[in-house]
Amino acid sequence: MSEVKVYFLENTELAEYEAVNKGFRNDVYVKLADGLFNVVVYDSVRLQQDFESEVENYGFYSIDPNLILVSEVNKEEIVFVIENLYRQKYFEKIKPVSDSELSKYFGR
C-alpha cells in the first residue's frame, strides 16, 4: 500500500527479537500524505501486565496515546494492522508528530 509507509527506528533483527519477546514497541512511525504519526504497539499479554502493575502500584492505569494492539509485536503483523487501521480512518482520529525536525528525518 503506497499511501502508508511504516518505519521502524530500530530496524534490526535484534530489535525485532526483543520487541516480540517484550510484547512492546515504541519506535514505529507511520508516514501518510497528511502527517507523520508515532504509534505505540503492544500485544495483549504485555498490555495486561502493564495494566495490573500500574493499578497495583498507583491505583489506576493511563493508556499510552496512539496505542495499537497486535497479536504479536513483529514487523509483518504491525504493518498489516497499520494498513487496516488506515483503511478504517484511524489516523484521522489521532495527533500527528509535531516535531518538524523529526518529520524532516522521514522526508516530509
Side-chain angles (χ1 to χ4, degrees):
M1 177 174 282
S2 61
E3 298 158 358
V4 179
K5 293 186 180 174
V6 181
Y7 296 94
F8 300 86
L9 291 185
E10 296 293 326
N11 195 14
T12 65
E13 286 184 31
L14 177 60
E16 173 90 354
Y17 174 80
E18 288 177 346
V20 169
N21 286 298
K22 291 179 181 179
F24 169 79
R25 191 155 194 164
N26 65 355
D27 68 331
V28 180
Y29 286 83
V30 180
K31 184 179 177 195
L32 305 173
D34 58 348
L36 178 68
F37 301 84
N38 178 223
V39 293
V40 179
V41 182
Y42 279 86
D43 66 20
S44 62
V45 173
R46 174 63 186 262
L47 184 61
Q48 180 70 30
Q49 290 170 341
D50 284 2
F51 171 80
E52 290 171 356
S53 174
E54 293 285 318
V55 168
E56 183 178 318
N57 290 321
Y58 305 107
F60 67 94
Y61 178 74
S62 176
I63 200 159
D64 289 315
N66 300 0
L67 182 124
I68 293 176
L69 285 175
V70 295
S71 59
E72 184 176 325
V73 184
N74 64 54
K75 287 190 256 184
E76 183 178 293
E77 178 72 9
I78 292 168
V79 170
F80 173 79
V81 169
I82 287 172
E83 288 175 345
N84 281 288
L85 289 172
Y86 171 75
R87 284 193 283 278
Q88 294 179 356
K89 303 190 184 306
Y90 170 79
F91 293 94
E92 293 177 10
K93 301 172 190 169
I94 65 174
K95 290 185 177 183
V97 171
S98 60
D99 183 335
S100 61
E101 290 302 311
L102 186 58
S103 294
K104 288 179 190 175
Y105 177 79
F106 291 101
R108 174 129 164 78

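When a residue number appears, it is its place in the shown sequence, counting from 1.
No side-chain heavy atom of Glu52 sits less than 4.5 Å from a side-chain heavy atom of Val55. Side-chain contact between Phe91 and Val4 is absent, with no heavy-atom pair separated by less than 4.5 Å. Here the side chains of Val6 and Tyr86 are not in contact, with every heavy-atom distance at 4.5 Å or above. Taking the side chain as every heavy atom from C-beta outward, Ile68 and Val28 never approach each other to under 4.5 Å.
Applying the salt bridge (charged side-chain N to carboxylate O under 4.0 Å, His left out) rule to Asp64 yields no partners; only residues at least two apart in sequence or on another chain are considered. Residues passing the side-chain hydrogen bond (donor to acceptor under 3.5 Å, both in side chains) test with Asn11, sequence neighbours excluded: Lys75.
Environment of OH in Tyr17: sparse, with no more than 12 heavy atoms of neighbouring residues, nucleotides or ligands closer than 6.0 Å. Dense packing is recorded around CD of Glu54, with more than 12 heavy atoms of other residues, nucleotides or ligands lying under 6.0 Å away.
No chain of hydrophobic side-chain contacts below 4.5 Å, direct or via other Ile, Leu, Val, Met, Phe, Trp or Tyr residues, connects Leu67 to Val45. Hydrophobic clustering keeps Val20 apart from Val40 (ILVMFWY residues linked when any side-chain heavy atoms are closer than 4.5 Å, directly or through intermediates). Under the 4.5 Å side-chain heavy-atom criterion for grouping Ile, Leu, Val, Met, Phe, Trp and Tyr, Val41 is connected to Val79 within one hydrophobic cluster.
The distance from atom CG of Asn74 to atom CZ of Phe80, rounded to the nearest 0.5 Å, is 11.5 Å. Between the CG atom of Asp27 and the CZ atom of Phe8 there is a distance of 7.5 Å, given to the nearest 0.5 Å. Once rounded to the nearest 0.5 Å, the distance linking CZ of Phe37 with CD1 of Ile94 reads 5.5 Å. Rounding to the nearest 0.5 angstrom, the gap separating the CD1 atom in Ile82 from the OH atom in Tyr90 is 9.0 Å.
Judged purely by atom type and a 3.5 angstrom limit, Asp43 has no side-chain atom pairing as donor or acceptor with the backbone of Phe24.
In summary, of the residues considered (Glu77, Glu72, Glu18, Glu16), a salt bridge (charged side-chain N to carboxylate O under 4.0 Å, His left out) with Arg25 occurs for Glu16 alone.
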Go through the steps for Asn84 and Arg87 under the test side chain to side chain contact (heavy atoms under 4.5 Å, CB included), then give the verdict.
CA-CA 5 Å; Asn84 281 288; Arg87 284 193 283 278; 2.9 Å; yes
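Identified under the ring-ring contact (aromatic ring centres under 6.0 Å, His included) test for residues 53-74, with sequence neighbours left out: Phe51-Tyr61.
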